[in-house]
Amino acid sequence: MGTAKEKEDSGGEGWRSYESVFTNRKAGMADVDRDRIKKIVFEASKDSPHFKNEQRKEQAAAKRLSELQSKARSLLPRQLDGFKAKAKRAIVELEASRDLSRTWFHIDMDAFFAACHVLDRPELDRVPMAVGGNAMISTANYAARKFGVRSAMPGFIALKLCPQLTFVRSDFAKYKKKAEEVRAVLARYDENFIEGGLDEAYLDVTRYLEGAKLTEEELAEKIRDDVFVETSLTCSIGGAANRMLAKICSDLNKPNGQYILERKRKAILEFVSDLPVRKIPGIGKVTEKVLKGLGMNVASDLVKEAGLILALFSKISFESFLRAGLGISSSEAVGAAQDDQDAGRKGISCERTFGSLRGSRLESQLKEIVETLSSQMTVKNLKGKHITVKMKKVDFTLKTKSRALPAHTCNADEMMEAAAKLVDFKEPLRLIGVRMAEFEHEAHVERGQKVIDLPKAEKRKEGEEGLQGGQWFCDKCSRWVELEGRLEHEDFHLAQDLHREQLTLSSKPKGRGRKPATGMSTMDFFVQRKKKKAGEG
DNA sequence: GTGTGAGCA
DNA sequence: AAACTGCTCACAC
């Protein structure tokens with residue numbers, strides 16, 4: 001896909017150039033099938049407003065790429081040399097921080113939701129099956145994946161790929177229960193393991209390995225064995241010197257497999273030298289396209305072309321690309337996983353998609369969303385001073401409106417009043433959402449200080465003791481919650497966990513403010529004047 | 001401060 | 001007929 005030539009092809013061949021999230025290579029898919037899948041997904045999509053919007057976005061991405069390409073071409077050799085020199089120093093700096101002293105395992109349950117259902121209904125294992133419904137699928141078993149059925153694929157499209165597909169309604173309580181069983185096993189190997197959603201975890205097994213006199217391969221076998229014996233579920237394990245590499249490795253021999261990357265600089269550099277950039281956590285479809293358009297295909301290319309990257313991308317992107325290319329990421333443990341997700345949060349939001357609503361019905365939908373958000377904020381003890389309303393029109397185009405509020409609040413009425421002012425209820429929408437930001441941050445939880453909140457909770461406990469249990473202590477977030485709100489509160493954690501099923505907690509370039517707390521100063525120095533320099537000359 | 005959009009899982 | 005949700009960052013004005 002080098003040139004933007006074939007365009008006007010609305011006829012029978014349009015599907016050929018149609019690459020979507022659903023048609024990428026995944027474990028267990030033969031190449032022969034890819035064209036068929038592409039074609040079916042394309043046929044089911046091409047006339048929808050959603051598809052039009054996708055095309056619009058693709059064009060914008062292509063434009064961005066060509067701008068970057070021409071920016072790259074216009075760089076004078078001496079400018080590029082300057083960037084290269086700075087990049088070189090950044091590489092030396094990062095290399096000095098390389099830590100090979102620890103072994104991290106990334107545990108990834110195989111088709112977790114689907115596998116949970118198979119436990120109760122073994123016959124489902126032999127037929128193509130997906131968890132979810134007509135609108136959206138959350139997981140598919142491996143039999144269904146052979147047909148191209150993917151998570152995050154609309155059910156109606158999956159049915160076209162696989163007419164005999166069996167749908168199973170999701171059962172969050174079941175997943176949560178099984179996840180607890182899995183965690184009980186994992187905790188024996190690292191009591192401070194980091195949870196990544198319901199079906200993922202990072203374990204620092206360094207200490208266990210020292211005590212047990214096992215090789216890493218043997219330990220991974222043992223953990224997979226334990227998990228299977230005690231939960232009847234299979235998982236895949238990746239082992240490496242840091243979490244980023246471990247996560248990449250856990251995907252390589254999926255399902256029910258393992259891959260250990262030797263903790264040696266040379267082995268790691270070899271590994272990244274034929275690691276497709278798309279495998280790097282944080283690099284998705286679009287970034288892959290951009291990098292490939294700039295001639296970078298494997299992770300180590302990001303180091304080779306570090307000067308160019310420095311010239312073209314932001315400081316943050318530069319550093320994360322460089323880390324990926326060197327196979328370096330944080331290898332230290334993170335504070336308690338549950339608390340960590342709240343610390344450093346910048347905003348909280350809630351949004352709903354519906355068919356098409358306007359007028360008073362739209363208004364009451366907005367109110368519902370505001371109320372949900374308000375109660376989540378109350379639970380999390382968050383008050384925001386800035387509100388944003390997000391609106392998606394029927395043609396899938398997005399619009400946001402935001403306002404600063406007179407004071408910090410998590411009050412539903414105040415939020416609704418502000419939100420309603422930002423919406424034109426006459427216009428039909430397919431989605432509406434509300435985001436609150438600019439929190440008043442009292443004593444924010446720093447990385448690694450997992451119990452900083454506890455004294456507060458403890459104090460509260462003593463103080464409220466006389467009040468006869470109008471409150472309930474949530475172990476999950478170590479906070480006191482109004483007793484009446486308990487069910488809702490638990491649901492909230494469940495929903496959050498569920499959502500995280502599709503996310504990763506690994507060190508990634510963007511996302512949820514999980515930035516390194518330290519070690520940036522030198523890097524800052526290298527790149528701080530990037531823009532100025534780029535502009536001159 | 002506000003608005004838009006991209007990107008990711 | 002039908003394509004989610006929550007979060008972050010970049011950039012323009």
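Throughout, a chain's letter reflects where its sequence line sits, starting with A, and its residues are numbered from 1.
Within 4.0 Å (heavy atoms only), Thr400(A) reaches at least one base atom of the nucleic acid. Within 4.0 Å (heavy atoms only), Leu398(A) reaches sugar-phosphate atoms of the nucleic acid but no base atom. Backbone-only contact: Arg403(A) has heavy atoms under 4.0 Å from sugar-phosphate atoms and none from a base.
Going from atom NZ of Lys393(A) over to atom C1' of dT4(B) covers 14 Å, rounded to whole Å. If you measure from atom NZ of Lys392(A) to atom P of dT4(B), you get 16 Å, rounded to the nearest angstrom. Atom pair Phe439(A):CZ and dC7(C):C1' shows a separation of 11 Å (rounding to whole Å applied).
Across the interface with DNA chain C, nearest-nucleotide mapping of Gly347(A) and Arg352(A) shows Arg352(A) to be the residue nearer the 5′ end.
Looking at the side chain of Lys399(A), the nearest of the listed nucleotides dT8(C), dT4(B), dA10(C) is dT4(B).
Between the side chain of Lys254(A) and the backbone N or O of Asp108(A) there is at least one donor-acceptor pair closer than 3.5 Å. A donor-acceptor contact shorter than 3.5 Å is absent between the side chain of Ser317(A) and the backbone of Phe313(A).
Because its NZ or CZ atom is not both nearer than 6.0 Å to the ring centre of Phe193(A) and within 45° of the ring axis, Arg183(A) does not count as a cation-pi partner of that residue.
A side-chain N or O of Asp110(A) and one of Ser236(A) form a donor-acceptor pair less than 3.5 Å apart.
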